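Just so you know, these numbers come straight off a predicted model, no measurement behind them. As the structure lists them, so they are numbered: ligands from 1, and atoms in each ligand from 1. Positions are given from 1 along the sequence.
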Amino acid sequence: MRNIIEFNEGWRFFKTDEVPSALPAGWEAVTLPHTWNAADGQDGGNDYWRGTAMYCKAFDRPDLEPNGRAILEFLGAAMTADVYVNGRHLAHHESGYSTFRVDVTDVLGDENLLCVAVDNGANDRVYPQKADFTFYGGLYRGVNLITVPAEHFELVKDGTPGIKVTPSVNLKNQAAIVSVETWQNGSGPVTVTVAGEEKTVTPKDGRACAEFLIAPVHLWNGPDDPYLYTASAKLASGDEISTRFGCRETWFRPENGFFLNGRPYPLRGVSRHQDRQGMGNALTIREHQEDMAILREIGANTVRLAHYQHAQEFYDLCDENGIIVWAEIPYITEHMSNGRQNTLEQMRELVVQNYNHPSIVCWGLSNEITASGAATEDLMENHRALNDLCHRLDSTRPTTMAHVFMLETDSPLIDIPDIGSYNLYFGWYLGGLTQNDRFFDEFHTKFPGRVIGFSEYGADANPQFHSSAPERGDYTEEYQCVYHEHLLKVIGERPYLWATHVWNLFDFAADGRDEGGKKGVNQKGMVTFDRKLKKDAFYLYKAAWSGEPFVHICGRRYADRAENTTQVKVYSNQPSVTLRIDGRVIGTKAGKTVFTFDVPLTGEHEIEAVSGGCRDKITLRRVAEPNREYLFRKAEVVNWFDKEDYKPDCYSVKDTMGALMHNPRSAAILGKMMERMSASRGDVAKSANGNANLQRMMAGMSLESLIKQAGDAVPAEMVKSLNAALQQIRKD
Ligand code: ADA
């Protein structure tokens, strides 16, 4: 018999790297899941602490069958962990997101002390080290003690479930051949059961294999019919394991994108980070379920589980809800020459541990990996090794990558994964909205044989900020809507995009940020970090994707308006919407997704939108002066530019790169700046040098926006003198 004993209670916690010899009574008592960074780096939280902390727990010898084994299971120890039992060092594990198991049988006494040193400090080999999210530390997903008989299925190697199921679907015959492999330590027979059929097989070299025919097959077919089968395996010793699996066929086509079970199935959805306000990444099943309910409500059929391996519970929920998953490892932002081994280990664990999930359709090798530098030979080799590993471990799923916008479309790096994807932020960080359209049109025309997707796009919005004239960079809910309305169109007009993922479904912790009125939070979510507030843009996607009838009036948090006539926007999946002001109909509009009305304001008004049985209501007020609470006031930052004595007939950093390159004198100044930036760590400059494609894209962007993108790589002093030099050159 196999027993799983929860080990989540009775821990003691302290920030130290010294392993105690007895349970330290004075340390903080904690229950798992636990992180020490729950609110660090955010408003009201502590400073972001990264380092080594110790978790200790006393436990009695578990009951074991003769020659049985006791195995500790860690579901998430961030980022690296060293496991000690009774002072003996038993394991070192380098990945904050995967499961690992340790056989502790040989060191057990009657009374035992388990100590786990968990380290989220900086180093140069374990990913992630540089990324736009908080690297929480802790035993944040729980621990189990598993006891098994002497003869048992494999548990330790790569955190394997011990059973691997590969369905191969024949759509024409409505049948599937299901191959089941198991790994165990004995040579005794293995009884495998699939869909009520039982087969007993003899293992060879620790591996058993059985094949089943399911006909007719019930397909795993998206949210409407996510049918799951179960495969189980049993040994004579009584050890038994099981896994769910699904039968589905997927194709990826350059011209028409993704196909599920033979039908075009455009993947349209969102990305998810796992964390949540006040809890960090230490979640329970309740939070995972709530996230899934929100994902279902928005109507997405896919989720990119970024930027690391998520909890098993969440992949399970995706299986159960028919949501297609992009899974990836945290090989992100900056390639580390010492990190190759770690990327391979994290990928091996991701694939081995998640192979049976029908929801997963691809493995992501890396994210924006050339954001901090060029695609060096070492980086290329790392990607080739990862790509080969994925193919060796899984011949059924393609590999993919999320490229940074700066990566040249003809870079050989793009050829490594089977299919590709770009993260673009035109219309938010830099450039204009229509650059998104142009980018994909050019890519698709130039490379008609490549499968391409849109792995990230988004704009930050703080629901406190509002404007009737929204613009890029103002952090208003209204600009987020303008941005996503355009992007929804971009996507709708390009069915060849195999998948598109809004960045992000939820706001998430990013310790390095302090902007848009919030510290330590990336606010590109459709829903706030605490999951309590759905921003207006949420309903735009719901209107486009969900079949659940609704109307939603935007701007309910923008109640005070200093204008005689205001625009009221309604998002709905209904064919027409009627708007009433104080009970009086002011219009009915037919259309799709977005319905806009001009509404006269004189005092306080009740605005109601109605469509069939759906209705929504907000209150608006005519005020004399704009409500200053709605305005995002940038801190007293580098407003060096505004303070200058600005000459509009001369060049300045506000000009586009194209205009500046056109004039030989300003072009020479720019060339010098690029050289200096390359010498430091300017990401944009480094990638721009010798990158014709990027230079062409950059032509439409202002120098100012590019400087912002480069962040602290361009010191304020340098920008000032650059602007002063440009202001000496008169425009012709
Ligand atoms: C990158 C990155 C994400 C994300 C995003 C942003 O594209 O891949 O992790 O944080 O930037 O919001 O800037």
Below 4.0 angstrom from a heavy atom of [X], which ligand 1 atoms are there? Numbered from 1 as shown, please.
X      : answer
Asn423 : 7 (O), 8 (O)
Arg513 : 6 (C), 12 (O), 13 (O)
Asn367 : 2 (C), 8 (O)

Just by distance, do the side chain of Thr400 and the backbone of Ile419 share a donor-acceptor pair under 3.5 Å?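 Present.
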
Looking at Thr35 and Asn37, would you say the former's side chain and the latter's main chain have a donor-acceptor pair under 3.5 Å?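 Yes; judged by distance alone, with no hydrogens or angles, the pair exists.
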
**Prompt:** Just wondering, more than 12 heavy atoms not from Asp47 lying within 6.0 Å of its CG?
**Reply:**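 Counting other residues, nucleotides and ligands, CG of Asp47 stays at 12 neighbours or fewer.
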
Closest protein heavy atom to [atom], given as residue, atom name and distance to 0.1 Å:
atom                    : answer
atom 9 (O) of ligand 1  : His307 NE2, 2.7 Å
atom 5 (C) of ligand 1  : Tyr425 OH, 3.3 Å
atom 13 (O) of ligand 1 : Tyr429 OH, 2.4 Å
atom 12 (O) of ligand 1 : Lys524 NZ, 2.6 Å
atom 10 (O) of ligand 1 : Asp132 OD2, 2.4 Å
atom 2 (C) of ligand 1  : Glu456 OE1, 3.3 Å

- Query: In terms of side-chain geometry, is the basic nitrogen of Glu478 or Lys569 positioned less than 4.0 Å from the acidic oxygen of its partner?
  - Reply: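 Salt bridge: no.
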
Salt-bridge present (Lys519, Asp43; N to O < 4.0 Å)
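No, this pair does not count.
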
One residue to check: [X]. Relative to ligand 1, which of side chain, backbone, both or neither has a non-hydrogen atom less than 4.0 Å away?
X      : value
Thr333 : neither
Asn522 : side chain
Trp503 : side chain

Glu328-His307 side chain donor-acceptor pair, cut-off 3.5 Å: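 Side chains of Glu328 and His307: pair found under 3.5 Å.
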
Does one side chain, of Asp460 or Trp428, offer a donor that lies under 3.5 Å from an acceptor on the other?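 The answer is yes; a qualifying pair exists.
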
Would Lys524 count as a cation-pi partner of Tyr425, with NZ or CZ less than 6.0 Å from the six-membered ring centre and within 45° of the ring normal?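 The answer is yes, since Lys524 meets both limits relative to Tyr425.
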
Worksheet item: With a distance cut-off below 6.0 Å to the six-membered ring centre and an angular limit of 45° from the axis, does Arg450 pair with Phe447 as a cation-pi contact?
Response: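 Yes, cation above the ring, under 6.0 Å and within 45°.
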
- Going by heavy atoms, is Phe508 under 4.0 Å from ligand 1?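 Phe508 counts as a contact of ligand 1 under the 4.0 Å cut-off.
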
Q.
Is there a polar contact between ligand 1 and His273, counting only N or O atoms under 3.5 Å apart?
A.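 Checking ligand 1 against His273, no N or O pair falls under 3.5 Å apart.
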
